[in-house]
Amino acid sequence: MRPRGFGGVLLGAPQLALTAQCETVADVQAAVTYAVQNELGDCLRLDLQRMNSVQLDLDARIARVGGGATWRDLYRATQPFCMLTPGGRDTTAGIAETALSAHSGWLERKLGLAADALISVELVTAAGELLIADETRNTDLFWALHGGGANFGVASALTFRLTQVPTTTLAVLTWPAAAAPTVIRTYRDLIETGAPSSLGGGVLLVNDPRPVVRAIAVYLGGPEETAAVFAPMFALSPETTMLRETPYANLQPALGPGSWKACSERYFPAFPDPEVSALCDDAHGMGAGAWLALWPRGVRRGDWPVVYRDASWVVEGYGVSLEDPCLQAGQARLVAEYGPRNYERLARVKCRYDPENVFRVSRNVEPAWCSWPATIAPRR
Ligand SMILES: Cc1cc2nc3c(=O)[nH]c(=O)nc-3n(C[C@H](O)[C@H](O)[C@H](O)COP(=O)(O)OP(=O)(O)OC[C@H]3O[C@@H](n4cnc5c(N)ncnc54)[C@H](O)[C@@H]3O)c2cc1C
């Protein structure tokens, strides 16, 4: 099994045999070219852990990170200046994957996704070419890199906008699992009846070591304001409460040990009472260390290819399967996730930059061989 957050890129299916440890963009280009020439797609892993540099331009409020940098690497550098790019929930995760797959994060209701803060991506394509994708260069690719994941190449560096965030507060309220239906309904109503967008967080069902339900507030502001905004949750008489100013970089450690790497997810346009009951049922009998979480989603910015763009809620889980039995497999599933229009557009971009489908590990968008317009030609 691959270690967490190793910052790697897999080409093809996971029948691993070789690892290329890359330190420079030239290493990445050489590894990709070697893999393509020798048809090693199904057994080469690129380890980018050493490409974890972080360069800040504080005046311009810009951060450029290496393709193997983690959120922890970035926050260590930006925290002294009270600046950040909103990342995912797992600070040990790679920045590239979170941004390119448009993963959700703690403060997405207010600050958007990491993908929304992208200024440019330096990408090594299947042809071994280094391209820059931004608002003026390779704009079709830049669009696709806001949710299309690892389908188009290896990001050797990414540049993001930084946001000034003076204070964040974390509140964690805990009840026995029996309170879960009430806690979830109250949280849902709080979000759906106009809680300020500065309020992030969600509801967590976890065995730690006994089954409990937790309401988490991550708030862009101080503890007093947080307590006021989260008052409906405090009113449910939690067994324990924690409320303190917590730097964004320390949110995850403050929430305790455990894996924040979601392994499955399911999206919902709304979260009516029957879904609340179903979520509580799913939590019964969860093993130690497993968790289920309900996160509110922010309003999507731009026209990026984010999966389930219009969903208001997402349930994520670790150690629990959330597979939707109605979802078809393969490309039909991706069409449902991205929506037909964005899926087709992604497939055209794929066709242009990776026509032989060298990068095909996760959420693989197959090249749109049949539907090229005559004006779009593959780059090689
Ligand atoms: C279905 C699912 C949904 C998730 N949703 C969220 C979420 O919404 N919010 C959240 O915080 N966490 C989420 N996670 C958890 C976590 O953020 C991801 O697992 C994490 O992004 C993995 O990245 P990594 O680089 O640490 O892992 P790695 O195992 O190192 O990389 C995983 C994959 O990312 C790609 N990749 C990595 N680096 C690059 C690069 N430089 N260029 C191109 N591709 C690259 C490769 O395909 C690689 O195989 C989710 C996980 C899963 C499985």
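For the single chain, residues carry numbers from 1 onward in sequence order. Every number for a ligand or one of its atoms is a count from 1 in the order of the listing.
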Matching residue for Val212 among Thr240, Leu205, Thr174, Leu204 - test: side-chain contact (heavy atoms from CB on, under 4.5 Å):
Thr174
Would you say [X] contacts ligand 1, with heavy atoms under 4.0 Å as the rule?
X      : answer
Val361 : no
Met51  : no
Gly153 : yes

Find all atoms of ligand 1 within a distance of less than 4.0 Å from any non-hydrogen atom belonging to [X], and give their numbers and elements.
X      : answer
Ala96  : 38 (N), 39 (C), 40 (C), 41 (N)
Arg89  : 9 (N), 10 (C), 11 (O)
Gly88  : 11 (O)
Asp90  : 11 (O)
Glu265 : 1 (C), 3 (C), 4 (C), 5 (N)
Gly67  : 41 (N)

Under 4.0 Å, heavy atoms only, figure out whether ligand 1 is touched by the backbone of Leu48, its side chain, both or neither.
side chain
Is it the side chain (CB and beyond), the backbone, both or neither of Leu100 that lies under 4.0 Å from ligand 1, heavy atoms counted?
side chain
[options]: member with heavy atom nearest to [atom]:
atom                    : options                        : result
atom 6 (C) of ligand 1  : Glu122, Glu108, Glu316, Arg266 : Glu316
atom 14 (N) of ligand 1 : Gln49, Glu97, His103           : His103
atom 42 (N) of ligand 1 : Ala150, Gly66, Ala155          : Ala155

Would Ala93 count as being in polar contact with ligand 1, using the rule that some N or O on each side must be under 3.5 angstrom apart?
no
Can you tell me if CZ on Arg244 sees more than 12 non-hydrogen neighbours from other groups inside 6.0 Å?
no
Counting neighbours of CD on Gln164 that are heavy atoms of other residues, nucleotides or ligands and sit closer than 6.0 Å, is the number greater than 12?
yes
Name of the residue among Trp313, Tyr338, Phe268, Tyr267 meeting ring pair (Phe, Tyr, Trp, His ring centres under 6.0 Å) with Tyr308:
Tyr267
Could you verify whether a donor N or O on one side chain and an acceptor N or O on the other, from Thr98 and Trp71, lie under 3.5 Å apart?
yes
Can you confirm whether the side chains of Asp73 and Thr70 place a donor and an acceptor under 3.5 Å from each other?
yes
After noting the C-alpha distance and the side-chain angles of Arg185 and Glu275, does the key distance pass the salt bridge (Lys or Arg N to Asp or Glu O under 4.0 Å) rule?
CA-CA 10 Å; Arg185 281 196 299 266; Glu275 297 298 356; over 6 Å; no
Salt-bridge criterion met for Glu337 and Arg266 (N-O under 4.0 Å):
no
